[in-house]
Amino acid sequence: GAGVSQSPRYKVAKRGQDVALRCDPISGHVSLFWYQQALGQGPEFLTYFQNEAQLDKSGLPSDRFFAERPEGSVSTLKIQRTQQEDSAVYLCASSARDYNEQFFGPGTRLTVL
Amino acid sequence: AQSVAQPEDQVNVAEGNPLTVKCTYSVSGNPYLFWYVQYPNRGLQFLLKYITGDNLVKGSYGFEAEFNKSQTSFHLKKPSALVSDSALYFCAVSLMNRDDKIIFGKGTRLHILP
């Protein structure tokens, strides 16, 4: 596609539910990033893939957060047993290898009640 | 550790006047520097980046930014502001020559007064 797409755009979950957020990167982009943006804050890094390999997951806030990119294209961020503090916008970005300019999707706004 | 500081939460500028949005950074190597803009309910949009070379970088929508190594700054500028420039602006840094995570500042809300 022309840009990075994310689905769903909005998600409301009850505390304790599991959620899955999807990211479709720009076709051919090797690198994929997930960020979390809390209200009124800048995006904060969660995890990074190069193709299917998860090279950096240092930003994942707890073991309830899990990300995968099994075929090196679409990625899913899963949050288990959601908590209210997980409420945020989750941004996905992709970049061509060795290029470092990241293109961002519109984000998924997660609200945990 | 890498970090970015945007000292102003909000900047107000009259339409037609020049604008500056400030950014300073801290990295333990040579930086890639970026500016992104975020409009309501939309994703982050890339404005410009500094990699190497000329310290004055020109980007989208008439914006430019000046890299100052001695002051570790990368301020965003525009000679004449438009009301449509009103948005949230993020400065960001990553390590040069690595496909790496971007560290963002907290953002500066730019409000252009008609």
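Within every chain, numbering begins at 1; the chains are lettered A, B, ... in the order of the sequence lines, protein sequences first and strands thereafter.
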Student: Please look at B:Q38 and chain A and tell me whether the side chain, the backbone, both or neither of the residue comes under 4.5 angstrom of a heavy atom of that chain.
Tutor: side chain

Student: Who among A:G107, A:P106, A:G42, A:P43 has the most heavy-atom pairs with chain B under 4.5 Å?
Tutor: A:P43

Student: Aromatic rings B:Y25 and B:F67: how do their planes relate, parallel, tilted or perpendicular, breaks at 30° and 60°?
Tutor: parallel

Student: Between A:Q37 and chain B, with a heavy-atom cut-off of 4.5 Å, which part of the residue counts as in contact: side chain, backbone, both or neither?
Tutor: side chain

Student: When the aromatic ring centroids of A:F104 and B:Y36 are compared, is their separation below 6.0 Å?
Tutor: yes

Student: Indicate whether the side chain of A:T76 and that of A:E68 have a donor and an acceptor atom separated by less than 3.5 Å.
Tutor: no

Student: Salt-bridge test for B:E64 and B:K78: reply yes if a basic N is under 4.0 Å from a carboxylate O, no otherwise.
Tutor: no

